[in-house]
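Report on the following structure.
Each chain gets a letter, A, B and so on, in the order its sequence line appears, and its residues count up from 1.
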Protein chains: 2
Amino acid sequence: MESKLALSQLSALAQENRLAVFRLLVKAGPDGLPAGEIAVALDVPPNTLSAQLNILSNAGLIEGARQGRSIIYTANYDAISGLIVFLMEDCCQGRAEICTPIMAAAQSACC
Amino acid sequence: MESKLALSQLSALAQENRLAVFRLLVKAGPDGLPAGEIAVALDVPPNTLSAQLNILSNAGLIEGARQGRSIIYTANYDAISGLIVFLMEDCCQGRAEICTPIMAAAQSACC
DNA sequence: TCCATATTTCCACTATTATGGAAATATTGG
DNA sequence: CCAATATTTCCATAATAGTGGAAATATGGA
């Protein structure tokens with residue numbers, strides 16, 4: 001069931017620190033950030049952050065890769081794309097006037 | 001703080017029944033559905049559903065309007081638009097190659 | 001006014017989630 | 001091998017969210 005994934009992603013994002021982590025990583029781009037820097041940036045103890053990174057990672061929203069002593073986390077752009085598609089997919093059953101302004105707003109916010 | 005609203009919307013959507021309610025109302029379109037029909041469709045007791053509708057409504061994702069004995073709920077398309085914008089807004093700081101495929105996927109899922 | 005219908009509010013109980021101290025694991029350099 | 005650094009896992013406690021029975025409120029019709 002596809003909605004299980006969407007649900008886990010929404011749950012993962014539905015928490016202040018995790019939403020901040022995700023947005024930080026989205027901003028950081030493909031290079032990502034090490035866990036320690038995220039912890040400092042958000043002022044969260046490393047073990048607490050670790051649990052939160054794990055939740056985001058299990059939901060597929062971020063990915064971690066060890067690089068030396070650090071673990072570098074990056075946003076998974078495909079996942080957020082999939083989530084947006086899931087939220088939108090039944091939005092315009094023949095009524096393009098409903099969804100066109102939504103896409104236009106997203107488009108202009110992005111590029 | 002704009003993220004408070006986004007957080008309440010993500011929390012509202014991060015629950016099986018509420019996500020189902022929201023998607024049902026998105027599909028139902030501008031005419032919406034009465035609370036009772038939603039309760040039957042999702043097989044949830046009316047008082048439980050009422051609490052869930054309230055959470056979605058407080059987050060601004062749906063709106064209820066009394067019509068006779070029923071209360072008709074409709075999806076708030078502006079709210080979901082705003083949430084998508086919030087999740088996307090810092091996604092491409094000069095790197096259009098990151099966000100373009102995301103928007104393209106959303107576009108094709110929608111219209 | 002009285003009754004049936006539709007939905008909500010109140011409230012207590014249960015379940016899930018968040019948090020961070022302490023200890024464990026992994027890596028690099030000396 | 002040992003010490004330092006980076007991060008995670010384990011675990012117990014605290015906080016938040018979900019659930020539905022029972023009663024309350026709102027509306028429309030006889």
**Asked** Under 4.0 angstrom, heavy atoms only, what part of the nucleic acid is B:P46 near: base, sugar-phosphate, or nothing?
**Response** base

**Sugar-phosphate, base or nothing in reach of B:T48, heavy atoms under 4.0 Å** = base

**Request:** Sugar-phosphate atoms are those with a prime plus P, OP1 and OP2; base atoms are the rest. Using that split, label each nucleotide of nucleotides 25-30 of chain D B, S or - for protein heavy atoms under 4.0 Å, 5' to 3'.
**Result:** -SBS--

**Request:** Report the distance from atom CG of B:N54 to atom P of D:dG20, rounded to the nearest whole Å.
**Result:** 17 Å

Give me, pair by pair, the N or O atoms of the protein and of nucleotides 11-16 of chain D that are less than 3.5 Å apart, along with how far apart they are.
none

**Message:** Please tell me whether A:Y77 and A:L56 are part of a single hydrophobic cluster in this structure, the criterion being side-chain heavy atoms less than 4.5 Å apart.
**Reply:** yes

**Asked** Which residue pairs pass the salt bridge (Lys or Arg N to Asp or Glu O under 4.0 Å) test with at least one member in residues 24-50 of chain B, sequence neighbours excluded?
**Response** A:D90-B:K27

**Message:** For residues A:I71 and A:V44: do they belong to one hydrophobic cluster (side chain heavy atoms under 4.5 Å, members Ile, Leu, Val, Met, Phe, Trp, Tyr)?
**Reply:** yes

**Item:** Heavy-atom closest contact (B:L24 atom, B:A41 atom, distance)
**Value:** CD2-CB, 4.0 Å

**Request:** Could you tell me the separation between the CG atom of B:N58 and the P atom of D:dG18, rounded to a whole number of Å?
**Result:** 13 Å

**Prompt:** Contact class for A:S70 vs. all strands (heavy atom < 4.0 Å): base, sugar-phosphate, or nothing?
**Reply:** sugar-phosphate

**Prompt:** For B:N76, what residues pass the side chain to side chain donor-acceptor pair (under 3.5 Å) criterion, not counting sequence neighbours?
**Reply:** B:E63

**Request:** Could you list where the contact with chain B starts and ends along DNA chain C, reading 5' to 3', using a 4.0 Å heavy-atom cut-off?
**Result:** C:dA4 to C:dT9

**Listed partners of A:L19 passing side chain to side chain contact (heavy atoms under 4.5 Å, CB included), at least two apart** = A:L13, A:R23, B:L7, B:L10, B:F86, B:L87

**Prompt:** Do A:P30 and B:I98 come within less than 4.5 Å of each other through their side chains, counting heavy atoms only?
**Reply:** yes

**Complete:** Between B:N47 and A:N47, whichever has its closest DNA chain C nucleotide further toward 5' is B:N47

**Message:** Against B:I62, only a single residue in B:L53, B:T74, B:I38 fulfils side chain to side chain contact (heavy atoms under 4.5 Å, CB included); can you say which?
**Reply:** B:L53

**Message:** Base, sugar-phosphate or nothing for B:I55? Non-hydrogen atoms, less than 4.0 Å.
**Reply:** sugar-phosphate

